[in-house]
Amino acid sequence: LVNYQVSDKLAVWLLAEASVTYDTKGRPNTQQRDRSLVDLEPGVDIRISKSFTISPYLNWFVNQPLTSTSVNLTANLTI
């Protein structure tokens with residue numbers, strides 16, 4: 001995870017994830033062309049108020065095209 005605080009209300013970040021799994025015969029999924037081993041998630045954290053932050057981000061599996069399902073949004077409410 002790389003995170004850069006632009007201001008007190010805005011942060012930009014990039015998360016990279018990698019995964020190798022094995023089937024029941026001990027074979028890794030590295031040979032499956034329809035399965036991505038790596039995904040990148042660039043996003044921003046936008047602080048709307050002292051207790052509310054939204055975080056839009058992309059979830060891009062690098063062997064697949066970006067689609068509308070690649071766009072995500074999380075919201076954080078601190079009470």
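Computed from a predicted model, the values in this text were never measured in an experiment.
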Of all heavy-atom pairs linking E41 and Y57, the shortest is OE1-CE1, 3.8 Å

Heavy-atom nearest pair, V38 first then A18, reads CG2-CB, 4.2 Å

Heavy atoms of S70 and P65 approach each other most closely as OG-O, 4.4 Å

**Prompt:** Quick one: does N76's side chain get under 4.5 Å of T74's, heavy atoms only?
**Reply:** no

Tracing side-chain contacts under 4.5 Å among Ile, Leu, Val, Met, Phe, Trp and Tyr outward from V20 reaches Y22

Residues at least two apart in sequence or cross-chain that pass side-chain contact (heavy atoms from CB on, under 4.5 Å) with I48, listed by chain then number, are I46, F52, I54

For S55, the side chain to side chain donor-acceptor pair (under 3.5 Å) test, sequence neighbours excluded, returns D45

> Quick one: are S19 and L37 in side-chain contact, heavy atoms under 4.5 Å?
Replying inline: no

Pairs of donor and acceptor atoms involving the side chains of residues 1-10, under 3.5 Å and at least two apart or interchain, shall be tabulated with distances.
from: Q5; atom 1: NE2; to: S7; atom 2: O; distance (Å): 2.6
from: S7; atom 1: OG; to: K9; atom 2: N; distance (Å): 3.2
from: S7; atom 1: OG; to: L10; atom 2: N; distance (Å): 3.3

The side chain to side chain donor-acceptor pair (under 3.5 Å) partners of T67 (sequence neighbours excluded) come to T69

CG of D39 to CZ of F61, rounded to nearest 0.5 Å, is 4.5 Å

Residues at least two apart in sequence or cross-chain that pass side chain to side chain donor-acceptor pair (under 3.5 Å) with R27, listed by chain then number, are D23

Taken to the nearest 0.5 Å, the spacing of L15 CG from L58 CG works out to 12.5 Å

